[in-house]
Amino acid sequence: MSETPPTPLQYRFDGPEDAPVLILGPSLGTTWHMWDRQVPELTQQWRVFRFDLPGHGGAPAHPAGSVTDLAQRLLATLDGLGVQRFGYAGCALGGAVGIELALRHPERVASLALIAASPRFGTADEFRQRGVIVRSNGLDPIARTSPDRWFTSGFAAAQPAITEWAVQMVRTTDPGCYIAACEALASFDVRPQLAGVTVPTLVLVGSDDQVTGPAEARTLVAGIPDARLAVVPGASHLVPVEQPAAVTDLLVRHFSTAWQPAYDTTGQLAVVAAPVRPAPVAAPVQPAPIAEIAPAAAQQQTAGRPDPYDAGIKVRREVLGDAHVDQTLAQADEFSGDFQQLLTRYAWGEVWDRPGLDRRTRSCVTLTALVAGGHLDELAAHTRAALRNGLTPGEIKEVLLQAAVYCGVPAANSAFKVAQQVIREETTPEG
């Protein structure tokens, strides 16, 4: 049996064909056009390669649920074009892809620039909450508030055409691919691995970035051995758009002076050939399991089954959210602590982690059981969990209507009140 090759990305080249390749990676919700004002100067020295994230800018809507998946798709695209070695500059999610490439494929990366990036983007809860909003309301609420996150207020007011361009760019993104990209950011955390980035790195950030600001940039610089920091005044998150000349100048200087030469396996300088390989056939990539027990965990067990606690706490956090789990565990004491251990091991590590049902189905079953048992205190938490697991408010309504028939109207009446309040809280966009 052969594995399905990664789905190639939508891309474009600019610049001379015989020049070194410089890749520009976009942020969530944008297209390769976010780099338009850098291209004229960069193409004087480099062959610039830009790509779109899945479902962005009209790209095929094959969702990628992890940064690793995105990096693999990018490499598959480059392999098909015969590009073996390159410089890489990425903004936000594009920066996360750059870190992944530098960690897993350092022989491919000559030099790296991380723009508005972070080793961990906020919290998993924040991005999964954004997915709930998109599933419930579409992308319009996210699109309308994007300029507030991306630009300083002065720039947005002075540049209405660019502001409207940003809104439309998000609106035209495929919702499923946007949600998958949120999941990719939710699970991305390379803080313990930063020392493994061994290529020359420029960390660039806008001084007024409220999304991934100077604090996150300094974390990257502190962790990456050969990293330098550049703070661009008067810029927010989408700094290449807001301060294009400053960003272009910094990229030219960095990639002109920090292009690391290639080495062969003996550590000697070598010329890396760029063999032309046939382009892989585009095919849907099967999503990876949401949660699985790493093989290393099994190897640590000398006898018997692996302890399901580690898998359980991971699934419990993914389903219920870090804030809920942290609060529950913080309230546990000597009397109730063993019960929380039991829940984590067996409810979450054994049952919720079984592959026989997906999480959407398990949420349907759980909501029905809670209605039948009259457990309204648990119903609120599991309504939130159902939204995180991908159920829409309409689907939750259908579950409760079904429960009304088999569990009784009074029980369903109480359940509707609880679920209605939770759905209002969870699906109402901020601002």
Using side chain to side chain contact (heavy atoms under 4.5 Å, CB included), reason through L53 and C177 one step at a time and then give a plain yes or no. CA-CA 8 Å; L53 298 168; C177 288; over 6 Å; no
Just so I know, are the side chains of [X] and [Y] near enough to count as touching, which here means a heavy-atom distance under 4.5 Å?
{"X": "P240", "Y": "I115", "result": "yes"}
{"X": "W35", "Y": "L251", "result": "yes"}
{"X": "W150", "Y": "T30", "result": "yes"}
{"X": "V132", "Y": "R135", "result": "yes"}
{"X": "Q340", "Y": "L329", "result": "yes"}
{"X": "L93", "Y": "F188", "result": "no"}
{"X": "F86", "Y": "R108", "result": "yes"}
{"X": "P225", "Y": "T198", "result": "no"}

Any side-chain donor-acceptor pair under 3.5 Å between [X] and [Y]?
{"X": "T145", "Y": "R149", "answer": "yes"}
{"X": "N389", "Y": "S363", "answer": "yes"}
{"X": "E100", "Y": "T68", "answer": "yes"}
{"X": "T368", "Y": "Q402", "answer": "no"}

Sub-3.5 Å donor-acceptor pair from the side chain of [X] to the main-chain atoms of [Y], do we have one?
{"X": "T344", "Y": "I313", "result": "no"}
{"X": "Q421", "Y": "V418", "result": "no"}
{"X": "Q243", "Y": "G234", "result": "yes"}
{"X": "E395", "Y": "T392", "result": "yes"}
{"X": "T152", "Y": "S236", "result": "no"}
{"X": "Q38", "Y": "P244", "result": "yes"}
{"X": "H56", "Y": "T31", "result": "no"}
{"X": "N137", "Y": "T427", "result": "yes"}
{"X": "R144", "Y": "V167", "result": "no"}
{"X": "R228", "Y": "L202", "result": "no"}

In Å, rounded to the nearest 0.5 Å, how long is the span from [atom1] of [X] to [atom2] of [Y]?
{"X": "L229", "Y": "L220", "atom1": "CG", "atom2": "CG", "answer": "9.5 Å"}
{"X": "L28", "Y": "F121", "atom1": "CG", "atom2": "CZ", "answer": "10.0 Å"}
{"X": "L379", "Y": "T366", "atom1": "CG", "atom2": "OG1", "answer": "10.5 Å"}
{"X": "Y309", "Y": "L343", "atom1": "OH", "atom2": "CG", "answer": "10.5 Å"}
{"X": "L139", "Y": "T172", "atom1": "CG", "atom2": "OG1", "answer": "9.0 Å"}
{"X": "D79", "Y": "Q72", "atom1": "CG", "atom2": "CD", "answer": "11.5 Å"}

Nearest atoms (heavy-atom pairs only) where [X] meets [Y]:
{"X": "L194", "Y": "T219", "value": "CD1-O, 3.8 Å"}
{"X": "R171", "Y": "A143", "value": "CG-CB, 3.5 Å"}
{"X": "A117", "Y": "G95", "value": "CB-CA, 4.3 Å"}
{"X": "P308", "Y": "E350", "value": "CG-OE2, 3.8 Å"}
{"X": "D69", "Y": "P63", "value": "OD2-O, 4.4 Å"}
{"X": "L112", "Y": "A102", "value": "CD2-CB, 4.0 Å"}

How are the rings of W348 and W352 set to each other: parallel, tilted or perpendicular (split at 30° and 60°)?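 Aromatic pair W348/W352 classed parallel.
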Answer yes or no: are there more than 12 heavy-atom neighbours, outside F416 itself, under 6.0 Å from its atom CZ?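 Enclosed.
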So does R37 have more than 12 non-hydrogen atoms from other groups sitting under 6.0 Å from CZ?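 No, the 6.0 Å shell around CZ holds no more than 12 heavy atoms from other groups.
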Pair [X] + [Y]: basic N to acidic O under 4.0 Å:
{"X": "E126", "Y": "R130", "result": "no"}
{"X": "D36", "Y": "R50", "result": "yes"}
{"X": "E425", "Y": "R384", "result": "yes"}

I would like to know whether Y88 and V199 meet side chain to side chain contact (heavy atoms under 4.5 Å, CB included); could you show each step before the answer? CA-CA 11 Å; Y88 185 96; V199 300; over 6 Å; no
Quickly, which of V315, D125, V325 forms a side chain to side chain contact (heavy atoms under 4.5 Å, CB included) with L320? Name it, please.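 Result: among V315, D125, V325, V325 is the only option passing the side chain to side chain contact (heavy atoms under 4.5 Å, CB included) with L320.
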Given the rule in the side chain to side chain contact (heavy atoms under 4.5 Å, CB included) test, do F49 and L74 qualify, once you have shown the distances and angles that lead to the verdict? CA-CA 11 Å; F49 175 100; L74 176 56; 3.7 Å; yes
Walk me through it: do K314 and D310 pass the test salt bridge (charged side-chain N to carboxylate O under 4.0 Å, His left out)? CA-CA 6 Å; K314 180 176 183 291; D310 289 342; over 6 Å; no
Decide yes or no on side chain to side chain contact (heavy atoms under 4.5 Å, CB included) for V197 and L103, but give the supporting numbers first. CA-CA 5 Å; V197 177; L103 285 171; 3.7 Å; yes
